[in-house]
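Source: prediction; values computed, not measured. What's counted below: heavy atoms across the whole structure, side chains too, no hydrogens, waters or symmetry copies.
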Amino acid sequence: MPFYSEELKEEVRSANDIVDVISGYVRLQKKGSSYVGLCPFHNEKTGSFHVSQNKQLYHCFGCGAGGDVFGFLMEYENYTFREAMEQLAGRAGMVLPKQELSEQEKRESDYRARLLEVNREAGKYYYMLLRNARGAHALAYFRDRELSDETMKKFGLGYADKYSDDLYRYLKSKGYDDRLLKDSGLITVDEKHGAHDKFWNRAMFPIMNVHHKIIGFGGRVMGEGEPKYLNSPETQIFDKSRNLYGLNLARQSRREQLLLCEGYMDVIALHQAGFDNAVASLGTAFTSGHASLLKRYAKEVYLTFDSDGAGVKAALRAIPILKEAGITAKVIDMKPYKDPDEFIKALGAEAYQERIGRAENSFMFEIRILEQNYNMGDPQAKTEFYKEAARKLLEFSETLERNNYIEAVAEKYQIGFDNLRRLVEQASTQVGLIKKPEPLKSGVHKKEANKADGVKKAQKLLLTWLSEEPALYPLVREYLTPEDFADELCRHAAAELFAQLEAGELNLAKIPGHFEDPQDQRQIVSAFHETIREVKTPAERGQALKDTVLKLKEHHLLRLREDHDPNGMQERFSKMLEEKKMLEALRRKEFLVTADTQG
């Protein structure tokens, strides 16, 4: 990490509100004291990604990702700390002093540059082979797909030779070592077979980032073989969930929308036909990370997936993810053809443009597909369809928007606006009758079967409670020290938190930065995001707080008793007596958490 002073880091951090920064990547909605959205680091349908304006931290309760505003950019953009610092400083209009790269940062930067260099060299080699006699059958394949020489050049298409060590021998001749080649994902090295190419006898599609740098490859097998399509594995420079094929070109399009496809050939065919706004996911399911990436370049996305069952399922998965990201989605009907490539070959670009103009609203598409599950000739099945459609209409929280969709569905399926609205109201009532389990007064989300886990959870609960309600600290200060926290990371977090509370300068975002290991940083952030369940009266809240402190104190005393190290025995015995007296005093103490102590 470069040697920026703590003061300068803090100045840059404070100039970049974490909610404002992350809102540029993730659609966030205010819920209670947090902002919530779909996590950009793993695929999910229900938002578990929380951003706290007060804490200036983010945390995903699903995958555990978490950190400060620097950490978010480092994890999302794969930035180094220096790059994140420069990005945020530039965003705030600040000029950073020039810094020399640390040795570790130089090594990391140089290594990423070398990986990009290897990929570029491989791309040039594949490109050359396609235009060589050895790549004649691959060139014939591309020409059979009606691709022009100009299009093949534009996308850098190539060919991986039929010999399984051809690229390896070529790259070794260029001086690249086995470790670098293995880390690039282009070469597989194992004891049994030695080094061999990841791709061989395949038509090659270079995958580029938005800066036109080759970060990976896709390959289609020539002739028989499985899998039909093969992609580079994830590497230090290639993350499938945060890159889209063709985005380096589509981001420069003058069209206001983006076309989202399923495959490489669909993207290439659309670009060749003049639709230079087409992109595709990279052989993986569409994720919230992809949606966040699309949101930077367009507010509206047209799904042009295959018209078969698999394509319909993929569209149904993508629609709610796009909606959650704040992107309007429409669905293009490809029938009677399977995909955009087949459609354009058969009917041409003008007909495809007409299909874009007639693209279906994504919600109405979902309802139409839902209808296919019911026999509309049977009165009972028809009723069940209407009820299910009514439940789906509850997705719209705004009354005006919901009524507009009720009107559209009622008109299409001839049920009548008032009839469908009553069904929606009934569905809303039924949903409201679902009871949630009562939380425990202690604030712990559920009773842990394992006692050690319960203690650890109590430690995190207390850290979260004190960080969110600093005015509670005077109530527990005389009873609690960092040593009462058994977990090493929680103990460190408590020491930092208590020091800040004593100084009256709460700044949680600084605490994770004390650790270099990203996993440790995540755990520290998690410790400040334990779920606190509401309890009704000040007395009940006080008892919950007292119970949590007691659990930590009792466990600390147990640890002292179980420590049989002969060294420091007298000191430990004195400490045990002191802890027992404090526990007795704490049990007699009544905590009353009033409005004043809640801050």
Has the side chain of Ser52 got a donor or acceptor atom that lies under 3.5 Å from a matching backbone atom of Leu57?
no

Determine whether the side chains of Tyr352 and Thr304 contain a donor N or O and an acceptor N or O closer than 3.5 Å.
yes

Under 3.5 Å, side chain of Asn277 to main-chain N/O of Gln257, donor-acceptor pair present?
yes

Minimal heavy-atom distance between Ala509 and Gln56, with the atoms involved, is CB-O, 3.6 Å

Side-chain donor or acceptor of Ser34 paired with backbone N/O of Lys31 under 3.5 Å
no

Short side-chain donor-acceptor distance under 3.5 Å, Arg91 and Asn16
yes

Output, in order, the C-alpha distance, side-chain angles, deciding distance and verdict of side chain to side chain donor-acceptor pair (under 3.5 Å) for Ser526 and Lys460.
CA-CA 8 Å; Ser526 172; Lys460 295 170 68 176; 2.9 Å; yes

For the residue pair Arg220 / Tyr141, report whether a side-chain donor-acceptor contact shorter than 3.5 Å exists.
yes

Result for side chain to side chain donor-acceptor pair (under 3.5 Å) between Tyr25 and one of Glu77, Arg296, Lys295 points to Glu77

Residues Asp239 and Ser241: side-chain donor-acceptor under 3.5 angstrom:
yes

Would you say the ring centroid of Tyr302 lies under 6.0 angstrom from that of Phe275?
no

Kindly say whether Ala278 contributes a backbone atom to a donor-acceptor pair with the side chain of His271 at under 3.5 angstrom?
yes

Answer yes or no for Lys240 and Tyr245: cation-pi contact, defined as NZ/CZ to six-membered ring centre under 6.0 Å and angle to ring axis within 45°.
no

Here the pair of heavy atoms bringing Asp68 nearest to Tyr58 is O-CE2, 3.4 Å

Is atom NZ of Lys30 surrounded by more than 12 heavy atoms (other residues, nucleotides or ligands) closer than 6.0 Å?
yes

